[in-house]
Amino acid sequence: MSTRGLPEQIGDLPKIGRPAASALLTIGVTTLDGVAAMGEAELLALHGVGPKAVRILREALEQRGSSLQA
């Protein structure tokens with residue numbers, strides 16, 4: 001699936017790259033609250049989401065006083 005038509009940023013998610021954003025969009029996650037309900041392993045299992053995207057998401061959640069599920 002091409003990610004050319006996708007915006008680089010979706011909802012209140014930080015810029016994590018189009019492949020990672022597309023992976024989250026595919027499962028209906030468009031907000032940091034949606035990401036917070038997921039675990040790191042669950043995120044990494046998504047095609048297009050790598051360690052860098054997870055780090056960026058974790059840092060964004062920490063700035064809001066939240067975190068990924070254990």
Side-chain angles (χ1 to χ4, degrees):
M1 173 166 126
S2 175
T3 59
R4 284 188 188 160
L6 285 175
E8 191 170 328
Q9 188 169 359
I10 297 172
D12 68 346
L13 298 175
K15 292 182 180 182
I16 55 174
R18 286 190 178 105
S22 175
L24 290 174
L25 188 59
T26 299
I27 62 167
V29 175
T30 60
T31 65
L32 279 173
D33 287 338
V35 172
M38 302 177 73
E40 182 174 340
E42 189 177 3
L43 286 168
L44 289 171
L46 297 173
H47 181 73
V49 178
K52 182 178 179 182
V54 172
R55 178 183 50 80
I56 293 168
L57 291 166
R58 185 184 300 112
E59 289 171 356
L61 286 167
E62 287 172 358
Q63 288 177 359
R64 291 180 47 181
S66 189
S67 64
L68 294 171
Q69 291 294 313

Provide the closest heavy-atom pair for [X] versus [Y] in the form atom of the first, atom of the second, distance.
X     : Y     : result
Gly50 : Leu44 : C-CD2, 3.6 Å
Leu32 : Leu61 : O-CD2, 3.5 Å
Ala23 : Val49 : CB-CG2, 3.8 Å

Sequence-distant partners of Ser67, side-chain contact (heavy atoms from CB on, under 4.5 Å), two or more places apart:
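side-chain contact (heavy atoms from CB on, under 4.5 Å) check on Ser67 returns nothing, list empty.
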Please round to the nearest 0.5 Å and tell me the distance separating atom [atom1] of [X] and atom [atom2] of [Y].
X     : Y     : atom1 : atom2 : answer
Ile10 : Arg18 : CD1   : CZ    : 10.0 Å
Leu46 : Ile27 : CG    : CD1   : 4.5 Å
Leu57 : Leu68 : CG    : CG    : 7.5 Å

Tell me, please, which residues at least two apart from Arg64 pass salt bridge (charged side-chain N to carboxylate O under 4.0 Å, His left out).
Asp12, Asp33
So that I can tick it off, tell me whether Glu62 and Arg58 are bridged by a salt bridge, with the cut-off set at under 4.0 angstrom between side-chain N and carboxylate O.
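Here Arg58 does not pair with Glu62 in a salt bridge, since their nearest N and O are not under 4.0 Å apart.
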Tell me which one of Val35, Thr31, Leu25 satisfies side chain to side chain contact (heavy atoms under 4.5 Å, CB included) with Leu13.
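One option only clears the test, and that one is Val35.
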Which side-chain hydrogen bond (donor to acceptor under 3.5 Å, both in side chains) pairs, counting each pair once, include a residue from residues 42-51, with sequence neighbours left out?
none
